[in-house]
There are 4 protein chains.
Amino acid sequence: MGRTTTATTAGPRPRADALRNRERIIDAARELAVQYGADAPLDEVARRAGVGNATLYRHFHDRSVLMRQVVLSVIERATGHAERAAAAEEDDPFEAVSRFAHTAVDERIGALCAMFSAGFDPYHPDLVQARERFDTAVDALMERARGAGQLRADSETGDLMVALSQLTRPLPGTTCPANDRFVHRHIQLLLDGLRAPARSTLQGSAVTLEDLRAAR
Amino acid sequence: MGRTTTATTAGPRPRADALRNRERIIDAARELAVQYGADAPLDEVARRAGVGNATLYRHFHDRSVLMRQVVLSVIERATGHAERAAAAEEDDPFEAVSRFAHTAVDERIGALCAMFSAGFDPYHPDLVQARERFDTAVDALMERARGAGQLRADSETGDLMVALSQLTRPLPGTTCPANDRFVHRHIQLLLDGLRAPARSTLQGSAVTLEDLRAAR
Amino acid sequence: MGRTTTATTAGPRPRADALRNRERIIDAARELAVQYGADAPLDEVARRAGVGNATLYRHFHDRSVLMRQVVLSVIERATGHAERAAAAEEDDPFEAVSRFAHTAVDERIGALCAMFSAGFDPYHPDLVQARERFDTAVDALMERARGAGQLRADSETGDLMVALSQLTRPLPGTTCPANDRFVHRHIQLLLDGLRAPARSTLQGSAVTLEDLRAAR
Amino acid sequence: MGRTTTATTAGPRPRADALRNRERIIDAARELAVQYGADAPLDEVARRAGVGNATLYRHFHDRSVLMRQVVLSVIERATGHAERAAAAEEDDPFEAVSRFAHTAVDERIGALCAMFSAGFDPYHPDLVQARERFDTAVDALMERARGAGQLRADSETGDLMVALSQLTRPLPGTTCPANDRFVHRHIQLLLDGLRAPARSTLQGSAVTLEDLRAAR
DNA sequence: TATGAATGAGTTTTCATTCAT
DNA sequence: AATGAATGAAAACTCATTCAT
């Protein structure tokens, strides 16, 4: 509900126009990250946000800070969807998972690919906290479907999150209008793969933060 | 300095060392494409191949030519696997598809992400031809499983090819040793989603070359 | 007592807090000039002074105005020391010169290096006036020692002033705690060089304002 | 005698034009360092050297590498002068020291101010070695004068070296044609201060490498 | 032919200075 | 009057591509 993104120390005056710029920059960065990946030129981000480049740097000291905020913003939106989906008790549990997944795609969850960038710290406290809340919400959603025998027992939250962000990763260097169409198709294949009963056993385990740490 | 292999036949020779350099460069480019995507620094490719940068440019006029060769090389390898898997009649048909998919991952099919780069021409004759042969082989493989009632009816070759390359796309900017592990897990989820009977209807249709053309 | 630094025309209200801010800014700028030279980031000056950057610009229209005030402030302090040293008749004359020099170092006379910056106008009336008073005081001090046969005849005020500021110039980019120690050592060497009888004839003449003008 | 600056590992072919560019860049950097200090814009260095900026970066990976080479080049030239002065036995020993000092000024020893830059590593092996040879040569020169009773007993090599580089440090932001004139005057004052018999005891000790280390 | 060298265009980042609250 | 925010210009550094040996 509340803005969890920023404000650990209460600064004096948030100032309305600065907040608006901040949001604009994050929005522009998210769109460009979905399109070009985490290496999107920051000058272009600023241009799209309609601000000077130095304004971007005032708000976000460097690319890694900006990208963290983008990821946080995406996770928080997705968390909201997951929590609302979990709360809608009347639904068919698998449908709830499925609707959540497709919604997350439309919410540009593919921007999470920024997490895979060099220089990105997946252990930043803000991020860990956001992930915990997200995992809790998605777990609840999946657990309900699992309990109803609709989801395979060995499925994990990470399967959904990482596969979602991989499948929705931008085709680099271009906006692909076809993207949205077949991304939903592939998501559907993945969801069907998550249905119970599993006819095959998954190999390995879902990706975890430790994997990302090891990757450095 | 001298040529290490002596040519015994007269006439304009392909020159053995030049061919070897060419292969080395493609190999290095494939590894770097898997790691960094299609934007891998070409000087670094040359360095890994153990040749001077200008040698790279002699063989491949620019990055798009090199990347096309990388993609061709990957497709050709994968085609070989598909053809062999289709020929092994004794197998369980779905198993054949599955084994092919996992093998393709290990063959760095993720380098196909280069196809999504700006400047890549998916209509180059060499590529069209290679894709046709690849599609034919994979179609045969999938058709066998479809005929045996093991694969959903609305599955298409493109589902496998694009989803495979998306799921195996490198985490940019870093080597992720964990990658191989969870990639196979996600591939398995996808394959399970492709099994018949489908409990849900796929939305849209698989991505085609026309989609890529439209994306430009 | 009176503010000698600025205010040729009497503005309406000096306002106590504004004056305090003004002093703080000059102090901060002097410290940073000694450390980083005349190119110290002005935002950093404001931060150290505990004011907003725009406040700095309200008081000092641009960097050159601020630096002139810093130089004025340093010259005025040094003038005070020179006048007091000259008034203390009981002293050994050379000792008085020497003590003045070492004191000036501790008073951050090194900030005078700002005078050598591009954009600095050494002919600004305020500065000319301050220099005249300073030169008068130091001349008196040196003349006394010269008259007592303790200082070489060809020594000039400029020798002391410029050499002092060069020798005390900050090692750029870093705070050097060792600085203070060896600066005094070198000052002492210089002072010994100024003693009579001179065994060598100085070449050229001391630097003058005309030299600085010619330098533009 | 041989070029000690580079070539620790014997690369294959030095290539004449590359060496020429390398020298040109160092020369340009030295001149600009004398003029603007160690923060001279590297693009400007390249422009003066008559090469593209990237050529500069090919030869010197970053500013600190370039500046180290500049310092090495200056030290090596000065070493040559000191060794020749020490070898000229017929001279008056103090005159030899004096002539060396004035010559070093003309050789742009002021470029040594680059050593005071942030990011400069005074412990780089090449630099330590060059300094040792320089110190040895200057020590010999000063020792001869000390032995002849012409130089105060507590004088040290560092006094000359640091004071020289401080006194000849560029007036930042401008070429000052008057500089050469009064620099020689101040050097002369310093040299006279070094003459025996000392009438005052030097305070502290000369600056050493340890001081620079402590400064970081 | 193979190669190291050269280069200009592009990107990130900093900072003096102006603007709006 | 005081301030935080905004901004464009500059400067370090990278890289694809061309040139000369």
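No hydrogens, no waters, no symmetry mates; every other heavy atom, side chains included, goes into these values. Order of the sequence lines sets the chain letters (A, B, ...), proteins ahead of strands, with each chain counted from 1.
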Atom-pair distance (CG on B:D17; C1' on E:dT3), nearest Å: 13 Å
Selected nucleotide, minimal atom distance to D:D43 side chain, candidates F:dC13, E:dT17, E:dG4: F:dC13
From the set F:dC15, E:dA2, F:dC13, return the single nucleotide nearest to any side-chain atom of D:D62. F:dC13
Distance in Å, D:N53 CG paired with D:L42 CG, rounded so as to fall on 0.5 Å steps: 9.0 Å
Intermediate values then yes/no, salt bridge (charged side-chain N to carboxylate O under 4.0 Å, His left out), B:R30 and B:D27: CA-CA 5 Å; B:R30 181 176 54 246; B:D27 288 347; 3.0 Å; yes
Would you mind reading off the distance between D:I25 atom CD1 and F:dA12 atom P, rounded to a whole angstrom? 14 Å
Touch class at under 4.0 angstrom, heavy-atom based, for C:N21 against every strand present: sugar-phosphate
Please report, rounded to the nearest Å, how far the P atom of E:dT13 is from the CG atom of A:L66. 10 Å
Separation between NE2 of B:H59 and CD of B:E23, rounded to the nearest 0.5 Å: 10.0 Å
Could you check whether the side chain of A:N53 and the base of E:dT13 have a donor-acceptor pair of N or O atoms closer than 3.5 Å, going by distance alone? yes
So, OP1 or OP2 of E:dA5: does either fall under 4.0 Å of a side-chain N or O from D:T55? no
Opposite nucleotide pairing with E:dT13, Watson-Crick or G-U, both atom distances under 3.5 Å: F:dA10
In Watson-Crick or G-U wobble terms, both distances under 3.5 Å, what is the partner of E:dA5? F:dT18
Does D:H59 place a side-chain N or O at less than 4.0 Å from the phosphate oxygens OP1/OP2 of E:dA6? yes
Please compare D:V51 and C:R63 by the position of their nearest nucleotide in DNA chain E and report the one closer to 5'. D:V51
With DNA chain F as reference, determine whether D:A40 or C:R58 sits nearer its 5' end, using the nearest nucleotide of each. C:R58
Given atom CG of A:D39 and atom P of E:dG10, what is their separation to the nearest angstrom? 18 Å
Of the listed E:dT12, E:dA16, F:dG8, the closest approach to the C:L42 side chain comes from E:dA16
Between D:L56 and A:P41, just flag the one whose closest nucleotide in DNA chain E comes earlier from the 5' side. D:L56
Across the strands shown, which category fits B:A46 at heavy-atom distances under 4.0 angstrom: base, sugar-phosphate, nothing? nothing
Whole-Å distance, A:M67 CE to E:dT12 C1', equals 13 Å
In this structure, how many angstroms lie between the P atom of E:dC15 and the CZ atom of C:R47, rounded? 12 Å
Specify the residue among C:G50 and A:G52 whose closest nucleotide of DNA chain F lies further upstream toward the 5′ end. C:G50
Do you know which two heavy atoms are closest between A:A28 and A:R48, and how far apart they sit? CB-CB, 3.9 Å
Could you walk me through whether C:Q69 and C:R22 pass the side chain to side chain contact (heavy atoms under 4.5 Å, CB included) check? CA-CA 10 Å; C:Q69 297 307 325; C:R22 192 189 151 80; 3.5 Å; yes
Nearest-angstrom distance from the residue atom CG of B:L19 to P of E:dT1: 13 Å
Candidates E:dT11, F:dA1, E:dA2 - which lies nearest the side chain of C:A18: F:dA1
Which whole-number value in Å describes the distance from C:Y57 OH to E:dC15 P? 12 Å
CD1 on C:I25 to CZ on C:R58, rounded to 0.5 Å: 11.0 Å
